[in-house]
Each structure stands twice: as structure tokens, then as C-alpha cells.
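One structure is given below, encoded as C-alpha cells.
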Amino acid sequence: MIEKGKISATQMGIMMYLTIIATAILLVPAITARQAKQDMWLSPFWASFIGFLTVYIAVQLHQLYPQKNLIEYSEDILGKFLGKAVGLIFLFFYLHVSGIIIREYGEFIVGSFLLHTPLVFVMGTIILVCSFAVRCGLEVIGRLAEMIVPVVIIMILILLILLIPDMEVANMFPIMEKGMMPSLKGAVIPQGWFTEFFLIAFLLPYVADRNKAKKWGMISVVAVMLTLSFVNIAVLFVLGELTAGFIYPAMSAVRYISIAGFLEHIEAIVAALWVAGVFLKIAVFYYALVLGTAQWLNLSDYRPIIFPVGFLLLLFSIWSASNLMELTHFLGSSSPFYRISIQMGIPLILLFIAKWRKRASNSNQGKYQG
Amino acid sequence: MGILQKAAKILFVCVHLMLLSGCWDRTEVNDLALIVGLGIDQKKDGKIMLTVQLVVPKSIGGGGQMGGGGGGGGETIVRSGTGATVADAISNLQEKLSRRVFWGHTKVVVFGERAAKAGIRQHLDFLSRNPQTRLRSNVLVSKGTAKSVLELLPPIEQSSAEVMRELSESQLLLRVTIKDALQMLSGDAGAAALPMVKILPPEKGKKELQTIAFIQRTAIFKKDKMIGDIDDKLTRGVLWLRNEIKLANITVRLKGEKGNITSTLIRAHTEFIPKYGKGKWKMIVKATAEDDILLNGTKLDLLNPKHTKMIEKELENETDKRIRAALKKVQKELKADIFGFAEIFHRKYPREWNRVKNRWEEIFPTVEVVVKTKVYVRRPGMNTAPQGLPEQEVKQ
């Protein structure tokens, strides 16, 4: 195995929690609000089903091939040629998606804080920092997550509490005015974020306490669902019908906080949250990408390709969209189908074939099973 | 080799130290023009005139109050720029300023009457789109031009923008932030209300500009265009109908008694109960208030529960009168739903409301409003019997 480190199931859950909410928390409320209107707080509930399903698929596949990750067992399942092809699809997918995540980060920082700093510089520095983290291996990323997540959760709670004076509960009504449809439609896009849970397929082989992995994966999905719901509710209560009109509604809501005339202008906390969260998110994606590439190419170590892949990521982040409008349009229209079909569709097919193969080989040989 | 490696490490750290020293595009505070107040006027030719009030940092730091004696030598200065839009006017304004404009401290945004009548949506769009401005800035309309209001040199506060912010936040009359204004404009009701300021005539012997502008009226908007305004008395009625009343002193006269009784509001709440049946929209407005007595000009002993009941009754009548007057003017004459009845109906009767939502403007004036007021007098203040009156004259 290339990766020798081990993480605990708890670390994996914590890592995934931050990986999902880091970008979701800022972008999803507005995208959801466009469809779901005042029912936007319901949408994460519907969307989370796909999260549970994704975790279930990843864990099932893992139980069939406990020592291997996606790139390795897809070859076992589909044979050398098709397996490599599936691996390539995943690697390109992660390359593209990581590029988009880095772009989201860059757009946010440049659009709201560093207006005159070149985008490439902002994105390049975060890639550089992440590449250091990836070089240190999975254990370090896991410990980083343990360190960052409590801070992030406390910050989110503090911000939600500070928003209470400006909340208008009436914004929530009428609940389900047009039935379930708007909230279901609003759930389509957050689903894309929940399918990112499939990243655990790359982490599971290195989890020390395997039996707890499924439990922590599910806890992580629940935590993400609750966080997104609470953030959506808070934003809805503060901004009401205006939510859909903002690009980063959570940010705009936080900018509105003013307690006793002096506790205000605290959007820097949101920026800190975002930078910390996105740092971990990119690191996890980057890690999966680099590890997968090394395995795909049958390399003995993944470290030599970290920096080359980093440059590729920078290029992909620049290529992914020509401006912010295009980026949000992609995220709000075709991206969920793209993400769901690759992160859930392909694994589901793999799982069916694997189960079928196991059964066939079991009945042929009647020997033990892995 | 060990030394070489160490040296390389130290060098590596030192290189980073150089990067830490600062941002490449930093802007020092003394390169910024801190804008505290923003005025938007429309000129006769349709162009937008933007007036900004800037803090002069020098005089805030040390110095002390030198007043407006020097004529414009105060703590703030006012500059204007013109252009086709607000954003356009900024570049014109920037030409006249040695420092870069900075919007992060904008406390108030004032619309001139003419600009308000022409429509304020595009200006609000700029204020919400710009990453520097804050959605919490207070929005006001001025009688006359916004420039005339910002030019004032108030005797107490540092700037006239600060005066308007303080007055807005006192919530004596209406208080509206950019967020509130946007919510009203994009809401179901299609109407908005903004506080309106008027210049207080300067005291005798003071210079013309040494005065303040104070919130005295309320401007009523339909869509984003101002269609009229109402005075402070009617505004209090409107505040009851928006459940925003915070401060109020009500003076009443009791039947058969000489003298007035004034009470002050401690707590107030308005409840709205929408009703719909047979194509008729009805709104029950339940206003509840808790009062303390502030002044007793009658001969009544306030500890007598019978007297308290009488006062409560009279206060209820007075509140009722205020609310009805506001309804008559705003609902029947101006026909603008600034109370947000549309949202309340929408929430309770979504299906029925959706059927009429395009005709809401016609329906709103026909909505039957039932006003129910309830006042509780909680305390007589620090005294019981009327003060300064011989005991035998007090009515028990």
C-alpha cells in the first residue's frame, strides 16, 4: 500500500463533515432559495437521503474489498481495461471538481475581500499550502480536521446566536405553500454536495477501527444535514425573500449583525471559517486525486506527483469557468447531475457487478469470502 | 552539511518573513476618504447627483470641537458628483477627492424628494451590490434635496449623518435599513415606507447651517416610487399597524375632569388576525399596550382601581383613534400597503391569496380592518395622589 498512515473512524467523519459544508454553507442557501423559497430549510433533509445512500454504497464496496480503494477495486471488478477506464473517469472528475472548488474559494476571496489581488495568486497560494498538507499524508490531514472542526462548529454557533436579534420567524410561512415540490426541487442541487461523501471510498482502507466507519459516515451525513438546515433557517429568517438575490447569503446575513452598536463588521469570521474549511476540503480532494493517480499509474509513492498535479489543479481552476456567473450557473444547473452520476451512479453499478461476481465465484468455488 | 541544511532552513523562513510584512495593495487610512453619509438627488435633466459627507480625520483625533465657525471648517466636508447612475457619479466625485472613497462606514443614505419620486430601486441595487456598503445603513428621504441635509453642521454631533443615524436608531418614528427597504420593495405588498427628514430652522443668532435635520414624516412608496408623505402623528398610527411602536406618550382627558393625564408606553404589541370568506378580506388588528402614568394633572387619586379603569378606557380610545386615522389616510387615500397586510394574508391563505395577488392593489383599499385596542396601566409612577394638592381636594 502506498499510504502507510492510519486514521480513526471519528477522524474520517469529522474530515468529511468539514469537506462537505465548507463550500455548501456559503453557496447552497442562495441556490436552494431560488427553487424552494421559504421552504429552503427543508431541502437539506431531502438531499441528505442521497448522502446516506452514498455512504452505504462506499461502505458496502469497502466490505467486499477491505484493503483496496476505488481505483484498485474497480480493476478487480471490471477487469483491467474497463477498470482503468473507470479509474480515469474518477481521476478526471476529481481533477475537475477540485478545480471548481479552488475557483469557488478564489472567487469568494477576490470578490469580497481582496478586490485587486489577481485570482491566480489567491488560488495558487491555497494550492501550495494544501500540497504541503497532502505531502504529510492522511494522518496529518485527519489531525488537522480534528483541530479545525471544533473551531468551525463553535464559530457557526456563535454567528447563529448573534443573528437571533435580527431574525423574523414569520419569513418561514406559509410552510409548503405549493406542496412538497419546491423544497424537493431545491434539494436537487445540495444533493451534489452530499454525493461528495463518496470520497470516503479513498479513505476507508486506512481507517483503523473499520467496524465504526459506517456509523461515523452516517453521523457525518446527519451533521451536515443539520448544519445546512440551521444555516438555511437563519439566513431565511434574516433575509427572507431577498435570500435568492445574494451570491453568498450567509455572508450578507453576517454582515448585517450589529449587537449594541459595537459588535459589528464581523464578516472576517466568515472569511476565516471559509478559508479553514476550504483548505481542508481542497486537501482531502487533492489527497484522493494524488493517491488515486499514483495507484492508477502503479507508482510506488505518491509524493513526487503532488506538485505537478497542483499545477494541473491551478489550470483546471482557471479553465473551469470564465467568470463567476458561469461558475454559479454551472453549479446551479448541470453540476448536480454530473456529480451524482459519477459519485453515485458509477459506484452503484460497480457494487451490483461486484455482488454478482462474488456470488458467481462463491457458487463456483464454494470457498471463503473476503 | 548539517550547517548548510540549517542555513537553508533559516533562509527559507526568512523569505517568508518578507512576505508577511504586508499586502501589496494595502491602503493606509490616510489614503481613504471615509464616507459617513450619502445623499442621492436627481437633477432636472434626469442626471443623478451624488453627495457624500466625509470625515476629516484630523479634527476627530485631537483638536476638540471647533464648531462650524469657520464655515465648512468643521469635522466633515461635503462633496458632490454627477452622472447617469450612482456608480457613474462616484467616478465623477472621485476626480474631486484626493483620497479614495471608502463606503464601509456609511451610516445613512438620504434620498432627495425628487430622486425618491423617480424611483429608488436602482440606487438600492448599487448599495446592496457593492461589497463595501452595509445592508444595515439607515435609509431616509429628505424634504428638499439630500445635499441640503448633509451640508448641515450640527451643534452637538460630529456630523449630520451621525444625527440622522442616532435619530433613526432611537426608533421614535420609523427606522428602515437598506435590508428592510429591499424586503419591502420585493415583498408581496409592493409598497414601502421610509422615514422622512426635515431641516430644523436654526436658532436665533446661529448661522444658517448650524442646525440639524430631524425625522418628522414618513414617505410612502408604491413600488419604488414615492407617492406621498404623512406627518408624525399619522406615522405613530402606522407604527402600531406595523408592530414597530417602541416609544409613545399619550395624553388623554377624562370625562368630567379638569386637566390631562399623560402615560408612557412600556411595552406594546400588535397582533394581526387575517380572515377570508366569500371573497371578502378582513384583518383584525389587536393592539395591546402596557403603560405607566407619567403626569397627572387631574385631582384623581390614581391608586383607586376605578380611576385606573377609566384611564385605561380613555387610552384605548386614543390609541384606536390614532390607528384609524393612519388607516384612513394610508389605506383609503394613498392605497399603499405599507403595513404588510399582503404578507400576512399570503401566509394564512396562500391559495386564495395567489388568486388575487395581481390585483392586490385594487383589493387592499377594500380590506375591512377591525381595530381592537387594549391598554393596561401598570403603575402610577413614583406618586399616588396628585402632587401639590391639599388632601381634601383629592378625589378618592
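Since the model is a prediction, treat every value here as computed from it, not as a measurement. We name chains A, B, ... by the order of the sequence lines, and we start the count at 1 in each one.
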Roughly how far apart are [X] [atom1] and [Y] [atom2], rounded to 0.5 Å?
| X | Y | atom1 | atom2 | answer |
| --- | --- | --- | --- | --- |
| B:Arg134 | A:Ser252 | CZ | OG | 10.5 Å |
| A:Leu242 | B:Ile178 | CG | CD1 | 11.5 Å |
| B:Leu135 | A:Asp166 | CG | CG | 11.0 Å |

> For A:Phe246, is it the side chain, the backbone, both, or neither that has a heavy atom closer than 4.5 Å to a heavy atom of chain B?
Replying inline: side chain
> Considering only heavy atoms, which portion of A:Leu115 lies under 4.5 Å from any heavy atom of chain B: side chain, backbone, both, or neither?
Replying inline: side chain
For the [atom1] atom on [X], are there more than 12 heavy atoms of other groups (residues, nucleotides or ligands in this structure) within a distance under 6.0 Å?
| X | atom1 | value |
| --- | --- | --- |
| B:Gln94 | CD | yes |
| B:Lys222 | NZ | yes |
| A:Phe311 | CZ | no |
| A:Arg303 | CZ | yes |
| A:Phe121 | CZ | no |
| A:Phe230 | CZ | no |

> Heavy-atom distance under 4.5 Å to chain A: side chain of B:Ser137, backbone, both or neither?
Replying inline: neither
> By a 4.5 Å heavy-atom criterion (distance strictly below it), what part of B:Glu343 contacts chain A: side chain, backbone, both, or neither?
Replying inline: side chain
> For B:Arg136, does its backbone N or O pair with a side-chain atom of A:Arg255 as donor and acceptor, under 3.5 Å?
Replying inline: no
>> Using a 3.5 Å distance criterion without hydrogens, assess whether the side chain of B:Arg347 forms a donor-acceptor pair with backbone atoms of A:Met172.
In response: no
>> For a quick test of reading the model, state the closest non-hydrogen atom pair linking B:Gln183 to A:Leu239 and the distance between them.
In response: NE2-O, 2.7 Å
